[in-house]
Asks: 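Sharing a structure here in structure tokens format.
Numbers here simply count residues along the sequence, with the first being 1. Remember, it's 1-based here, ligands and their atoms both numbered in the order they're listed.
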Amino acid sequence: MGSSEIKNFGILGYPVGHSLSPQMYKAAFEAAGFVNYNYIPFSIQAGRLFMAVEAIKGLNFRGMNVTIPHKTTITGYLDAIDSDAMVIGAVNTVVNDGGMLTGYNTDVYGFLASLREANFLPEDSHAVILGAGGAARAILWGLCKKKAEFITIGARNPQKAQTLANDFLNYGNVEGFDWNSESFKEMIQTADIVINTTPLGMFPNVDDMPPIDLKLLPEGALVYDIIYNPSDTKLIKTAKELGFPTLNGLSMLLLQGKESYRLYTGEEPDMEVMAKTLERILSAR
Ligand code: NAP
């Protein structure tokens with residue numbers, strides 16, 4: 001526990017100024033007594049990603065988080081990719097072991113751990129995912145790993161929903177739909193969980209929400225919005241008004257951070273410190 005050794009960490013993204021990671025990790029390092037661990041945000045445009053990855057080795061950074069728009073492209077520049085990140089095709093955490101860079105995707109861990117904390121069992125469930133982007137991919141893989149009985153993807157672009165579903169046909173019963181179609185409306189009537197992975201409702205567009213009629217859901221279905229700013233999106237507020245259990249994106253954010261911290265340091269972070277730090281930053285925004 002604790003050390004005065006110097007180690008450097010950071011996050012690569014574009015833009016990256018909004019990221020909560022620097023403060024979250026710094027607070028956790030400090031609480032653990034890692035007094036000389038530094039965490040720096042790097043705003044890196046797409047064309048400079050390769051050089052940035054080389055710099056992780058050149059400057060001997062121990063670890064690097066990765067965010068939009070680099071999560072997919074970076075997979076081509078690393079020495080090894082963990083099996084979850086390989087299936088998802090995206091990396092959010094890079095660990096440098098003496099010049100050997102390994103990519104991980106801790107969003108899967110964060111998502112599944114958040115379900116555990118909420119006492120939701122994905123095994124044998126019917127899960128509905130709204131959106132078909134990067135986060136949807138990680139969540140879909142998590143649900144396949146846990147053997148969800150059926151997974152329905154609804155998106156504004158039905159082709160993207162179907163392509164994503166086809167990519168995972170070997171791993172589970174997955175089908176993609178236009179979220180405005182009658183067949184999608186029929187599907188959601190047996191959902192055990194609905195997960196919003198689109199940015200609809202995220203600050204500053206807090207009056208937006210995905211076009212889903214929550215009244216069609218069965219009683220007790222969990223409405224999960226992976227957005228964490230605001231903590232109660234319009235989707236979550238509507239679900240609460242209708243009496244559904246809800247979950248926002250803060251626990252997933254926190255738990256993916258916990259797993260990345262463990263990969264970086266081999267230790268468990270102080271989760272209370274990390275949670276309080278995130279809550280403080282978000283309530284000030
Ligand atoms: P992404 O790869 O860009 O995917 C976004 C998805 O949302 C796509 O399917 C996109 O559809 C759809 N979408 C975007 N704008 C839309 C709109 N106006 N109307 C309808 N659909 C729209 O982004 P991502 O990385 O998956 O992230 C998505 C959200 O998840 C963000 O809000 C992010 O902050 C959040 N997130 C949270 C966590 C957490 O730990 N809590 C982790 C990861 C991500 P098209 O393909 O048609 O554009």
Asks: Taking the six-membered ring for Trp and the full ring for Phe, Tyr or His, determine whether the centres of Tyr37 and Tyr25 are under 6.0 Å apart.
Replies: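 Centroid distance Tyr37-Tyr25: not below 6.0 Å, so no.
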
Asks: Under 4.0 Å from any heavy atom of Leu200, which atoms of ligand 1 are there?
Replies: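 Atoms satisfying the 4.0 Å criterion: 17 (C), 18 (N), 19 (N), 20 (C).
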
Asks: Taking distance alone, with no angle check, do Ala136 and ligand 1 share an N/O pair under 3.5 Å?
Replies: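 No, Ala136 has no N/O under 3.5 Å of an N/O on ligand 1.
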
Asks: Considering heavy atoms of the protein only, find what lies nearest to atom 28 (C) of ligand 1 and give residue, atom and distance to 0.1 Å.
Replies: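 Going by distance alone, atom 28 (C) of ligand 1 is nearest to Thr197 O, 3.0 Å.
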
Asks: Just to verify, what does Glu272 make a salt bridge (charged side-chain N to carboxylate O under 4.0 Å, His left out) with, not counting sequence neighbours?
Replies: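 Applying salt bridge (charged side-chain N to carboxylate O under 4.0 Å, His left out) to Glu272 gives Lys276.
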
Asks: Atom 43 (C) of ligand 1: which protein heavy atom is closest, and how many Å away?
Replies: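 Looking at atom 43 (C) of ligand 1, the protein heavy atom closest to it is Ala135 CB, 4.0 Å.
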
Asks: Is it true that Arg137 and Asp167 have a side-chain N and a carboxylate O under 4.0 angstrom from each other?
Replies: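 Looking at Arg137 and Asp167, the cut-off is met.
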
Asks: Is the shortest N/O to N/O distance between Lys160 and ligand 1 below 3.5 Å?
Replies: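 Among all N and O atoms of Lys160, at least one is under 3.5 Å from an N or O of ligand 1.
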
Asks: Contact between ligand 1 and Tyr224 is defined here as a heavy atom of the residue under 4.0 Å from a ligand atom; is it met?
Replies: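 No, Tyr224 has no heavy atoms under 4.0 Å from ligand 1.
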
Asks: Counting each atom of ligand 1 from 1 as listed, which ones have a heavy atom of Ile68 under 4.0 Å away?
Replies: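 Result: 25 (O).
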
Asks: Applying the side chain to side chain donor-acceptor pair (under 3.5 Å) criterion to Asn92, which one of Thr106, Asn65, Thr67 satisfies it?
Replies: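 Among Thr106, Asn65, Thr67, the one that satisfies the side chain to side chain donor-acceptor pair (under 3.5 Å) with Asn92 is Thr106.
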
Asks: Looking only at distances, can you tell me whether any N or O atom of Lys71, backbone or side chain, sits closer than 3.5 Å to an N or O atom of ligand 1?
Replies: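 No: no nitrogen or oxygen of Lys71 is under 3.5 Å from one in ligand 1.
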
Asks: Which of the atoms of ligand 1 are close to Trp179, meaning less than 4.0 Å from one of its heavy atoms?
Replies: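 Counting atoms of ligand 1 from 1, those under 4.0 Å from Trp179 are 20 (C), 21 (N).
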
Asks: By number and element, which atoms of ligand 1 are closer than 4.0 Å to a non-hydrogen atom of Gly131?
Replies: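 Reading through ligand 1 atom by atom, the close ones are 9 (O).
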
Asks: Using heavy-atom distances, let me know which of Met252, Arg137, His18, Arg156 sits nearest atom 11 (O) of ligand 1.
Replies: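 It is Arg156 that holds the nearest heavy atom.
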
Asks: Are Leu217 and Leu247 joined in one hydrophobic group, where the rule is that I, L, V, M, F, W and Y side chains link up if heavy atoms are under 4.5 Å apart?
Replies: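 Each belongs to a different hydrophobic cluster.
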
Asks: Can you spot which of Asn38, Thr265, Asp97, Asn8 makes a side chain to side chain donor-acceptor pair (under 3.5 Å) with Arg62?
Replies: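 Looking at Asn38, Thr265, Asp97, Asn8, the match for Arg62 under the side chain to side chain donor-acceptor pair (under 3.5 Å) is Asp97.
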
Asks: How about Tyr224 and Ser114: does a side-chain donor come under 3.5 Å of a side-chain acceptor?
Replies: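 There is such a pair between these side chains.
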
Asks: Return yes when at least one protein heavy atom is under 4.0 Å from atom 20 (C) of ligand 1, and no when none is.
Replies: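 Yes, because at least one protein heavy atom sits under 4.0 Å from atom 20 (C) of ligand 1.
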
Asks: Closest non-hydrogen protein atom to atom 36 (N) of ligand 1, residue and atom name please, with distance?
Replies: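 Checking every protein heavy atom, the shortest distance to atom 36 (N) of ligand 1 gives Ile226 CD1, 3.5 Å.
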
Asks: So if I count the atoms of ligand 1 from 1 in the order they appear, which ones are less than 4.0 Å from some heavy atom of Pro199?
Replies: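 So the answer, numbered in order with elements, is 7 (O), 13 (N), 14 (C), 15 (N), 32 (O).
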
Asks: Under 4.0 angstrom from ligand 1, any heavy atom of Gly110?
Replies: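 No, Gly110 has no heavy atoms under 4.0 Å from ligand 1.
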
Asks: Between Asp225 and Asn248, do the side chains contain an N or O donor and an N or O acceptor separated by less than 3.5 Å?
Replies: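 No - no donor-acceptor pair under 3.5 Å links their side chains.
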
Asks: Counting from 1, what ligand 1 atoms have a heavy atom of Tyr228 closer than 4.0 Å?
Replies: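 Under 4.0 Å from Tyr228, ligand 1 has these atoms: 41 (N).
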
Asks: Under 3.5 Å, sequence neighbours excluded: what are the donor-acceptor pairs made by side chains of residues 82-91?
Replies:
from: Asp82; atom 1: OD2; to: Asp84; atom 2: N; distance (Å): 3.1
from: Asp82; atom 1: OD2; to: Ala85; atom 2: N; distance (Å): 3.4
from: Asp84; atom 1: OD1; to: Trp141; atom 2: NE1; distance (Å): 2.9
from: Asp84; atom 1: OD1; to: Lys145; atom 2: NZ; distance (Å): 3.0
from: Asp84; atom 1: OD2; to: Lys145; atom 2: NZ; distance (Å): 3.2

Asks: Please report whether atom 3 (O) of ligand 1 has a protein non-hydrogen atom at a separation of less than 4.0 Å.
Replies: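 No, because not a single protein heavy atom sits under 4.0 Å from atom 3 (O) of ligand 1.
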
Asks: Quick check on contacts: which atoms of ligand 1 are under 4.0 angstrom from a heavy atom of Ala132?
Replies: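 Per the distance check, 9 (O).
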
Asks: What protein heavy atom sits nearest atom 8 (C) of ligand 1, and how far off is it?
Replies: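 Checked against all protein heavy atoms, atom 8 (C) of ligand 1 sits closest to Gly133 N, 3.8 Å.
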
Asks: Centroid-to-centroid, Phe61 to Phe42, below 6.0 Å?
Replies: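 Phe61 vs Phe42: aromatic centres under 6.0 Å.
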
Asks: Would you mind finding which of Met209, Met202, Gln256 brings a heavy atom closest to atom 32 (O) of ligand 1?
Replies: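 Residue with the shortest heavy-atom distance to the ligand atom: Met202.
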
Asks: Do Phe29 and Phe9 make the cut of ring centroids closer than 6.0 angstrom?
Replies: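 Ring centroids of Phe29 and Phe9 are less than 6.0 Å from each other.
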
Asks: Considering both backbone and side-chain atoms of Gly134, is one of its nitrogen or oxygen atoms within less than 3.5 Å of a nitrogen or oxygen in ligand 1?
Replies: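 For ligand 1, there is an N or O atom that lies under 3.5 Å from one belonging to Gly134.
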
Asks: Is it the case that the side chain of His70 and the backbone of Gln45 share a donor-acceptor pair, with hydrogens and angles ignored and the cut-off at 3.5 Å?
Replies: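 Between the backbone of Gln45 and the side chain of His70 there is no qualifying donor-acceptor contact (under 3.5 Å).
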
Asks: Quick check: Gly249 and ligand 1, any N/O pair under 3.5 Å apart?
Replies: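 There is such a contact, yes.
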
Asks: Decide, yes or no, whether a salt bridge links Glu267 with Arg262 under the criterion of side-chain N to carboxylate O below 4.0 Å.
Replies: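 Arg262 and Glu267: not salt-bridged.
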
